[in-house]
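Reviewing the structure listed below.
Keep in mind that this is a model prediction, so the values were computed, not measured. Hydrogens, waters and symmetry mates are skipped; everything else that's a heavy atom, side chains included, is used.
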Amino acid sequence: MKSCVPNHTKNSGHLFFGVLFLVGVVISTLLLGSIRIYGFILEHRLAECAMKIMAEEDKYAMLEETHAALLSPSRIYNYARSELNMVAADKTETIKLFSDSYDPKSASYAARGENSVSRPDGLSRVFVGAANAKE
């Protein structure tokens, strides 16, 4: 009886799958590396945007401070006095509005001892409001 000699010619299939697996690992590594690089680029852009936002917030805070300083009553008073040569009024009068002296039938204002007018009636009250010196 003859002994069987083992035939090793079928190992080429394992080699093919080994090379295919190695190529897959290399491609996966390259893709993962490119995704990491893209992530670093996006992180850098995000940091730049955050720095720009912080710079604009600082600029806005400075502008708010300047605006508040320009609108201070003492600064406005000093500017009006020195640059515009304005002075305080000597003679002031008070005018009272919305008194009961308005006659809707004759549509005229009658003075009752003082120079005052009454509050209009009807729909015209919508258009008449109270004045405030702060507005």
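In this model, a donor atom of one side chain and an acceptor atom of the other lie less than 3.5 Å apart for Tyr77 and Arg81.
Expressed to the nearest 0.5 Å, how far CG of Asp58 lies from CG of Leu63 amounts to 11.0 Å. To the nearest 0.5 Å, atom OG of residue Ser72 and atom NE2 of residue His67 are 11.0 Å apart. Here Glu65 contributes atom CD and Met62 contributes atom CE; the two are 9.0 Å apart, rounded to the nearest 0.5 Å. Glu43 CD to Tyr38 OH: the interatomic distance, rounded to the nearest 0.5 Å, is 13.5 Å. If you take CG on Leu32 and CD1 on Ile37, they are separated by 10.0 Å, rounding to the nearest 0.5 Å.
Not counting sequence neighbours, Glu56 has no partner by the side-chain hydrogen bond (donor to acceptor under 3.5 Å, both in side chains) test.
Of all the heavy atoms in Ala89 and Thr92, the pair that sits closest is CB-CG2, 4.0 Å. For Leu70 against Ile76, the heavy-atom pair with the smallest separation is O-CG1, 4.0 Å.
Using a 4.5 Å cut-off between side-chain heavy atoms of Ile, Leu, Val, Met, Phe, Trp and Tyr, with links allowed through other members, Val23 and Leu31 fall into the same hydrophobic cluster.
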